[in-house]
Amino acid sequence: MSLMPATQIPLGGPDLPQQRRLVTELPGPRSAEILARKADAVPSGVGHTVPVAAVAAGGGIVVDADGNALIDLGSGIAVTSVGNAHPKVAAAIAAQAAQFTHTCFMISPYESYIAVAEALNRLTPGAFAKKTALFNSGAEAVENAIKIARKYTGRAAVAAFDHGYHGRTNLTMALTAKAMPYKSGFGPFAPEIYRAPMSYPFRDGLTGPQAAERAITQLEKQVGADNLAAVIIEPIQGEGGFIVPADGFLNRIQDWCRANGIVFIADEVQTGFARTGRMFASEIFGIEPDLVTTAKGIAAGLPLAAVTGRAEIMDASHPGGLGGTYGGNPIACAAALAAIDIFENDGVIERAQQIGALLKGRLTAIQAQDARIGDIRGHGAMIAVEFVDPQTGAPDAALTAAVARACIAQGVIILTCGTFGNIIRFLPPLSIGDALLNEGIDILTAALAAQ
Ligand code: PLZ
């Protein structure tokens, strides 16, 4: 075993040199050794995208065990939005860890959980009275939102959308659309989950109201509005391909839910907390969901998730019906309070907007020269490129995978997504500088030209 000597491991955070630097091929020898141990010790079902072992991260850089510095265009899937190892977050974590690490909020409550709940009640869309319950992961938040909606309505059926992603637990696998890799062989799935067609302007050519009528008609005919406890939707779909619904789609679905006593749930696990250039993506569309699920960016990397929503719905559960040993862990809450302070006061939302403008500008210029880029879409620092066959418009997953592989080999952490695997998505930390963003796009441009 030849782990990097501790003296050579840099501290993470914003002081990390903001420069891409490759000192070995990827993986270098130390990462290769650690990944060989992974292969022996960790099941192959737990995959990885970038073949390096991380030792430090900050700003827009991830450093690996061989001293390579990679450009981070993924934020650990939209999590480290305030920047990895942000000093305010690290200090809050350290202070709380020295105070107490756990009492269980259901045994002896503590103030930081309540303060996170108050912040979410204030920050999520909608001026109505709200309450918040905390959990550990996005999937757990989604599970609890469905529990709450069922209890409130006394109904069983739940509708989710084509291309939707809501997690990997049994109920959330049922809500998730894509079979491979998320569901295949892992069933049977939870019952009473129904799927409706999504608004996908690039592929369906429908207006928002037209796409909404299509979805509503299908749900009315195949499920029945009276049977539906909840409709759950990502305002901008994440894993499914950064699909931005056409204007008016979400509003019409929300109105139909209201008219029919159906709880309208926005899954903002990926879109939440400044990612889209708004605190929540729901604001872009002017919707006020009954319940909002959040996770990822909320606590800068610590496991924390929330369900926030109308007080009368949130209060539907009998006492003791909601909870979990770790939900709202005090260290995660300390991290969340620090992260929320940064989101609110340190210009992070504006930075997301700038990143979006830079990315869209650069990508549009590439598209003008390259018909394989079928669509560029997204908001803020949640931008995607859809690769197609220029003749037929068919999704080109092979090209997408080849470009992503080439970028990663050059030290740019690039993520793909989409039902058809033909989308490259940009989810940089909002602490990344323009120079690294531009360099990342330069490398992508060269990788695309070489295919
Ligand atoms: N809802 C909208 O994006 C998580 C999944 C990564 P957890 N997305 C990343 C993977 O391959 O497992 C996600 C999401 C939306 C729910 C979730 C689930 O959040 O914290 O991963 O459980």
_Nearest atoms (heavy-atom pairs only) where A335 meets I93_ = CB-CG1, 3.9 Å
*Please report the closest heavy-atom contact between R30 and D66, naming both atoms and the distance.*
N-OD1, 2.8 Å
Tell me whether the count of non-hydrogen atoms from other residues, nucleotides or ligands lying under 6.0 Å of [atom1] in [X] goes above 12.
{"X": "K183", "atom1": "NZ", "result": "yes"}
{"X": "E350", "atom1": "CD", "result": "yes"}
{"X": "Q451", "atom1": "CD", "result": "yes"}
{"X": "F202", "atom1": "CZ", "result": "yes"}

_Sole residue of I193, I146, V142 in side-chain contact (heavy atoms from CB on, under 4.5 Å) with T172_ =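 The single option meeting the side-chain contact (heavy atoms from CB on, under 4.5 Å) with T172 is V142.
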*Might you work through the side chain to side chain contact (heavy atoms under 4.5 Å, CB included) test for N251 and I287, ending with a clear yes or no?*
CA-CA 6 Å; N251 313 71; I287 54 170; 4.0 Å; yes
*Start with the C-alpha gap between R351 and D434, add the side-chain angles, then the distance that decides, and say whether salt bridge (Lys or Arg N to Asp or Glu O under 4.0 Å) holds.*
CA-CA 10 Å; R351 182 61 191 147; D434 285 357; 2.7 Å; yes
Identify every side-chain donor-acceptor pair in residues 47-60 under 3.5 Å, counting partners at least two apart or on other chains, and give the distances.
residue, atom, partner, partner atom, Å
H48, ND1, K38, NZ, 2.8

Rounded to the nearest 0.5 Å, how far apart are [atom1] of [X] and [atom2] of [Y]?
{"X": "H86", "Y": "S81", "atom1": "NE2", "atom2": "OG", "answer": "12.0 Å"}
{"X": "T124", "Y": "L291", "atom1": "OG1", "atom2": "CG", "answer": "10.0 Å"}
{"X": "I383", "Y": "K360", "atom1": "CD1", "atom2": "NZ", "answer": "4.5 Å"}
{"X": "I349", "Y": "F280", "atom1": "CD1", "atom2": "CZ", "answer": "9.0 Å"}
{"X": "L358", "Y": "I441", "atom1": "CG", "atom2": "CD1", "answer": "7.5 Å"}

*Using distance alone, with no hydrogens and no angle criterion, decide if T293 and D267 have a side-chain donor and acceptor under 3.5 Å apart.*
yes
So does [X] pair up with [Y], basic N to acidic O under 4.0 Å?
{"X": "E118", "Y": "K130", "value": "no"}
{"X": "K88", "Y": "D346", "value": "yes"}
{"X": "K178", "Y": "E239", "value": "no"}
{"X": "D442", "Y": "R362", "value": "yes"}
{"X": "R20", "Y": "D72", "value": "no"}

Could you check if a side-chain atom of [X] sits within less than 4.5 angstrom of a side-chain atom of [Y], using non-hydrogen atoms only?
{"X": "M198", "Y": "F249", "answer": "yes"}
{"X": "V244", "Y": "F285", "answer": "yes"}
{"X": "S112", "Y": "L337", "answer": "yes"}

*Pairwise ring pair (Phe, Tyr, Trp, His ring centres under 6.0 Å) hits with a residue in residues 329-374, at least two apart*: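 Qualifying pairs, neighbours excluded: F273-F343.
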*Test side chain to side chain contact (heavy atoms under 4.5 Å, CB included) applied to Q19 and E439, step by step*: CA-CA 10 Å; Q19 261 155 14; E439 190 180 353; over 6 Å; no
*Check each of Q237, R275, R425 against Q270 using the side-chain hydrogen bond (donor to acceptor under 3.5 Å, both in side chains) test, and report the only one that passes.*
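The passing option is R425.
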_Run the ring-ring contact (aromatic ring centres under 6.0 Å, His included) test on Y182 and Y165 for me, step by step, so that the C-alpha distance in whole Å, both residues' side-chain angles and the decisive distance to 0.1 Å come before the verdict._
CA-CA 9 Å; Y182 306 122; Y165 182 94; 4.8 Å; yes
*When the ring planes of Y113 and F105 are compared, do they come out parallel, tilted or perpendicular, using 30° and 60° as the limits?*
parallel
